[in-house]
Amino acid sequence: MSPKLPPAAHSSLVLMPARVASSAATTAPETTLPGAADETASLEATEALANPAPAVTSPVAWMLLLILASIWGTSFILMKKGLVVFSAMELGATRVSVAALLLLPFALRHVGRVERSRFKWLALSGVVGTLIPAFLFAYAETRLASGLAGVLNALTVVFTLLVGALLFRQRLTGLRVLGITLGLVGTVVMLQLGGSGGDATPAGEGNAWYGIYILIATMGYGLSVNVIKHKLGGMTPVAVTSVLLLLIGGPALAYLLLGTEFLHKLATVPGAWAAFGYIALLATMSTAVAMVLFNRLIQQSTALFASSSTYLIPIVALAWGALDGEAFNLWHFAGMVVILVGVLIIHRAK
């Protein structure tokens, strides 16, 4: 979603959107989806090594869960605010660049310890799970309401399972197929309805299909989670996230400074610094802060409990969208429910 960071994450940054181990369940060392900030894809990537659950979920775990859902759910409205001044390409490049610079000290500490054979997998995960989703989510939100983007981000769970089955020989049961089907049906409902995001995303015929960009982004999150689980075992979450961002951050920063009007807008356009602040907050909270809190949550409870954020993120995203004047009706709610029921079935299916 974009970041595990997940996902994209999702997706996303960190890299982002995080999610379910049952969707791609094999024994693997703890990893976190880099980037995917909107995304919770890091949940699937870490569930396999979750610590044993305490008898009773502690108040601290509940507090961390709510904080994480708030951070990831807020990422969509932050993207929308950044798009008021910057283009989707500028937003995506800024998001990745800021996240990479933020974690650069950690990357420099870990990069020398990474086996050479793993760099191609880190690069692949970074491109499909952080870099591309950062641009796709931004482009989708030029026409699609931020709240609906938050709902569609939950599809990371569906595609983590589907990619695992197609490319990594993960087992598909009847219930899991049902969960995938419901998730895709709910997506079609949401795409048919669309929705305006207010002044920044004017209504118009065809707006709904901008959700396809989010669909593609969550496919990238799903692939990234599986790559991390199956190809990057043994690396710590900080190592995966920071080195991955080091690999993609350089090109993103070069493009931002040399190939866009980012610096010109920052110097001349009213409100540009405020818009940049929203994007910087998005990158900071969805990567470094969310990653630390998520790992603490895993220690306090289980990844299954942490995956509950999948159901809270759309609520937070929709609440921010409603406060910003976005349209949301009963049919939108029906589509969201269908998607989340599919995700719940995937979480629980054996």
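Computed from a predicted model, the values in this text were never measured in an experiment.
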Could you tell me the separation between the [atom1] atom of [X] and the [atom2] atom of [Y], rounded to the nearest 0.5 Å?
X: I71; Y: L66; atom1: CD1; atom2: CG; answer: 11.5 Å
X: L318; Y: F76; atom1: CG; atom2: CZ; answer: 10.0 Å
X: L281; Y: F276; atom1: CG; atom2: CZ; answer: 11.0 Å
X: H110; Y: T241; atom1: NE2; atom2: OG1; answer: 10.0 Å
X: L172; Y: Q170; atom1: CG; atom2: CD; answer: 9.0 Å
X: I313; Y: L68; atom1: CD1; atom2: CG; answer: 8.5 Å

Check whether any side-chain heavy atom of [X] sits under 4.5 Å from a side-chain heavy atom of [Y], and report yes or no.
X: R95; Y: M79; value: yes
X: L215; Y: F159; value: yes
X: K231; Y: R118; value: no
X: E115; Y: M235; value: no
X: I214; Y: L144; value: yes
X: D324; Y: S146; value: no
X: M219; Y: V163; value: no

Please check if [X] and [Y] belong to a single hydrophobic cluster, counting links between Ile, Leu, Val, Met, Phe, Trp and Tyr side chain heavy atoms closer than 4.5 Å.
X: L102; Y: L78; result: no
X: V96; Y: I216; result: yes
X: L101; Y: V98; result: no

Can you name the nearest heavy-atom pair linking [X] to [Y], along with the distance?
X: V111; Y: F119; value: O-CZ, 3.8 Å
X: A149; Y: F137; value: O-CE2, 4.2 Å
X: F86; Y: A272; value: CE1-O, 3.5 Å
X: L91; Y: A138; value: CD2-CB, 3.8 Å
X: I345; Y: L175; value: CG2-O, 3.1 Å

Just distance, no hydrogens or angles: give the donor-acceptor pairs under 3.5 Å from side chains in residues 243-266, sequence neighbours left out.
residue	atom	partner	partner atom	Å
T260	OG1	L256	O	2.5
T260	OG1	F262	N	3.2
K265	NZ	V85	O	3.4
K265	NZ	E90	OE1	2.9

Checking [X] side chain against [Y] main chain: does a donor-acceptor pair fall under 3.5 Å?
X: R176; Y: V158; value: no
X: E326; Y: G147; value: yes
X: S286; Y: A283; value: no
X: T142; Y: Y139; value: yes
X: S125; Y: W121; value: no

Atom CZ of F168 with >12 non-hydrogen neighbours under 6.0 angstrom: yes

Y278 atom OH, over 12 foreign heavy atoms within 6.0 Å: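 No, the 6.0 Å shell around OH holds no more than 12 heavy atoms from other groups.
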
Test side-chain contact (heavy atoms from CB on, under 4.5 Å) applied to S224 and V227, N226, I228, the passing residue: I228

Side-chain H-bond candidate by donor/acceptor type, W320 with T74, under 3.5 Å: yes

